[in-house]
Number of protein chains: 2
Amino acid sequence: MEQPMRRDARRNAERLATAAGQIFRERGLDAPLEEIAKAAGVSAGTLYNRFGGRDALIDAVMPDVVEAKVRAAMVRAEAEADPWDGFVLYVTLLCEMQATDLAMSDAVSRRYADAKRLNEICEAQMDGVRGLIAKAHAAGRLRADFTAEDLPYLLWTTSTVVRATASRAPEAWRRALTFTLDGLRPAAAHPLPAPPLTAEQVHAVMLDLGAKRSGQGR
Amino acid sequence: MEQPMRRDARRNAERLATAAGQIFRERGLDAPLEEIAKAAGVSAGTLYNRFGGRDALIDAVMPDVVEAKVRAAMVRAEAEADPWDGFVLYVTLLCEMQATDLAMSDAVSRRYADAKRLNEICEAQMDGVRGLIAKAHAAGRLRADFTAEDLPYLLWTTSTVVRATASRAPEAWRRALTFTLDGLRPAAAHPLPAPPLTAEQVHAVMLDLGAKRSGQGR
DNA sequence: CCTTAAGTTGACGACCACCTCAACTTACTT
DNA sequence: AAGTAAGTTGAGGTGGTCGTCAACTTAAGG
């Protein structure tokens, strides 16, 4: 039943995937699809035939890369003896990815409604994050009022700073991140003026970010 | 020599300025100019006649508002007895403006190459900021390695979070800001991994932000 | 009034990105 | 070698924004 794809079709699909990987990485997940088609040496129509639109293309190209990178970061973080060091390492590694790969930056800080696989992977990763945070809390090395739902903030903010400063001061984000991390130690804690977002709110905001630009709410 | 404007022309210019104020405030400084023209009840052509383009319109509409608001924030900040409280208040007030007025958010965190008046006002405000920071430093209430060039970070990051969460959790930015402020007390300080941006770098980055979207560098 | 310069209009061309589809080309089967 | 389904193409429709301009309208002075 799985009638095999024609050879040229498969070849083109692979070229498209490769091109998408490159261009997403360089320009983010909002890169023009026609640019990707051109880079793959096919017409835009073919891209829409093989995949079906941006989200499907993203979901075909990104999940493996994202999973591998994010999992590797988690492994390294969990290998740290000190839970705080583990937490810091994890956050720093994620930000490093954002700084060196715009596709990762978008994949981690936005949600594309129809990129199901990608969303599942990101969701799954949250479990690991909760563990990391729980350990740091248990060890009294992370302020008690910091929750897993606060992490997206860090990624959103780094995403901004990184894009703004990428060409002129590629390491600048580390400085901003350090300021914030310094505020996350228990000793630094002062009362917070607002509750954390709920998991649903985080998800909804990420969907907004993923859905085209402009529209600010409604 | 100052041949007075015809009455209808003046009337339209005023309507345009008013409409621009409203729409910039609701949608940010990137709002479609045709939307503004429509709101003013004139055609797009008239807008281009009276002003000359987006930057000129911005420079006609924003400086007074920005100056008043920003100056008021500085006055309140300087009235605080404790220099740290003054610093925190100033930053918080600026972020509040960003949260309630997208035009302020853009005006404060971006630069529009041809909006001369606006840029001068923002530049001038930096002096006050330096004073605020110097006082906090002198009182030992602000970590010594924080510089005036680090402030734009806070505005960039708040700008992002605010836009993302405005509709669903309008106070969420206060939480994120608190984390960072908690990292700016001297006691929280740990070594920074990167030097601050130079004033020129800050300016250049802001210009990039102001110049259309997309283009990542070069 | 009526002239005329100032002002306004709105259609228009340019650009960019999305997505589609009828016509064409190709790979695979027999 | 030919038939045919699968695949590809690229022009073209859509939608949105920018900026322009020839033709029209209007304010204001004589």
Side-chain angles (χ1 to χ4, degrees), chain A residues 1-20 23-24 26-60 102 106 112-115 210-216, chain B residues 1-20 23-24 26-60 102 106 112-115 210-216:
Chain A
M1 40 187 47
E2 240 313 318
Q3 194 58 12
M5 242 179 191
R6 244 171 62 172
R7 230 170 251 155
D8 55 344
R10 170 151 299 291
R11 184 173 50 77
N12 285 337
E14 275 159 16
R15 283 184 185 173
L16 277 168
T18 304
I23 294 197
F24 280 157
E26 291 161 10
R27 301 189 105 83
L29 296 183
D30 289 332
L33 295 187
E34 308 197 309
E35 189 116 358
I36 293 172
K38 199 173 62 178
V42 301
S43 83
T46 298
L47 189 158
Y48 286 96
N49 280 347
R50 288 292 127 242
F51 307 87
R54 161 159 278 123
D55 284 17
L57 179 58
I58 290 173
D59 215 32
L102 289 186
D106 287 340
Y112 298 83
D114 297 339
K212 295 279 161 269
R213 49 181 76 309
S214 71
Q216 71 278 9
Chain B
M1 39 183 51
E2 239 317 314
Q3 193 58 14
M5 243 178 191
R6 245 171 61 172
R7 231 170 250 156
D8 55 344
R10 169 150 300 290
R11 185 175 49 79
N12 285 336
E14 274 158 17
R15 283 185 185 173
L16 278 167
T18 303
I23 293 197
F24 280 158
E26 291 161 10
R27 303 192 78 104
L29 297 183
D30 288 332
L33 295 186
E34 307 199 312
E35 189 116 358
I36 293 172
K38 197 172 63 179
V42 301
S43 83
T46 298
L47 190 157
Y48 286 97
N49 280 346
R50 288 291 126 242
F51 305 87
R54 163 159 276 122
D55 283 17
L57 179 58
I58 291 174
D59 215 31
L102 289 186
D106 287 341
Y112 298 83
D114 297 340
K212 296 277 161 270
R213 49 183 73 313
S214 72
Q216 71 280 7

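Note on naming: letters A, B, ... go to the chains in the order of the sequence lines (proteins, then strands), and numbering restarts at 1 for each one.
- Contacts with DNA chain C (heavy atom under 4.0 Å) in residues 43-52 of chain A: A/Tyr48, listed by number.
- If you check distances only, the side chain of A/Glu35 never reaches the base of C/dC16 with a donor-acceptor pair under 3.5 Å.
- The nearest whole Å value for the distance from the CG atom in B/Leu29 to the P atom in D/dC18 is 13 Å.
- Closest approach of B/Phe51 to B/Ala60, counting heavy atoms only: CE2-CB, 3.7 Å.
- No side-chain donor-acceptor contact under 3.5 Å links B/Thr46 to the backbone of B/Val42.
- Contact record, B/Ala37 with B/Leu47: N-CD1, 4.2 Å, taken as the closest heavy-atom pair.
- Of all the heavy atoms in B/Asp55 and B/Ala113, the pair that sits closest is OD2-N, 3.5 Å.
- Annotation for A/Asp30 and A/Asp106: closest pair N-OD2, 4.2 Å, computed over non-hydrogen atoms.
- Atom pair B/Asp114:CG and D/dG19:P shows a separation of 11 Å (rounding to whole Å applied).
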Indicate for each nucleotide in nucleotides 24-30 of chain D, in 5' to 3' sequence, whether protein heavy atoms under 4.0 Å reach the base (B), only the sugar-phosphate (S), or nothing (-).
-> --BSS--
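- Whole-Å rounding puts the A/Leu33 CG to C/dT20 P distance at 12 Å.
- OP1 or OP2 of C/dT8 has at least one side-chain nitrogen or oxygen of B/Asn12 nearer than 4.0 Å.
- For the pair A/Arg10/A/Arg15, no side-chain contact is recorded, criterion being any heavy-atom separation below 4.5 Å from C-beta on.
- Distance A/Ile23 CD1 to C/dA17 C1': 14 Å, rounded to the nearest Å.
- Rounded to a whole Å, the CD1 atom of A/Ile36 is 13 Å from the C1' atom of C/dC18.
- Closest non-hydrogen pair, B/Asp59 versus B/Ala115, comes out as OD1-C, 3.2 Å.
- B/Leu16 has its CG atom 13 Å from the P atom of C/dG7, to the nearest Å.
- Nucleotide C/dT9 holds its P atom 15 Å from the NZ atom of B/Lys38, rounded to whole Å.
- Within a 6.0 Å radius of CZ in B/Arg11, other residues, nucleotides and ligands contribute more than 12 heavy atoms.
- The two residues B/Leu102 and B/Glu26 have their closest heavy-atom pair at CD1-O, 3.3 Å.
- Rounding to whole angstrom units, CD of residue B/Glu34 and P of D/dG16 are separated by 11 Å.
- Each of B/Pro32 and A/Ala9 has a nearest nucleotide on DNA chain D; the 5'-most of these lies closest to A/Ala9.
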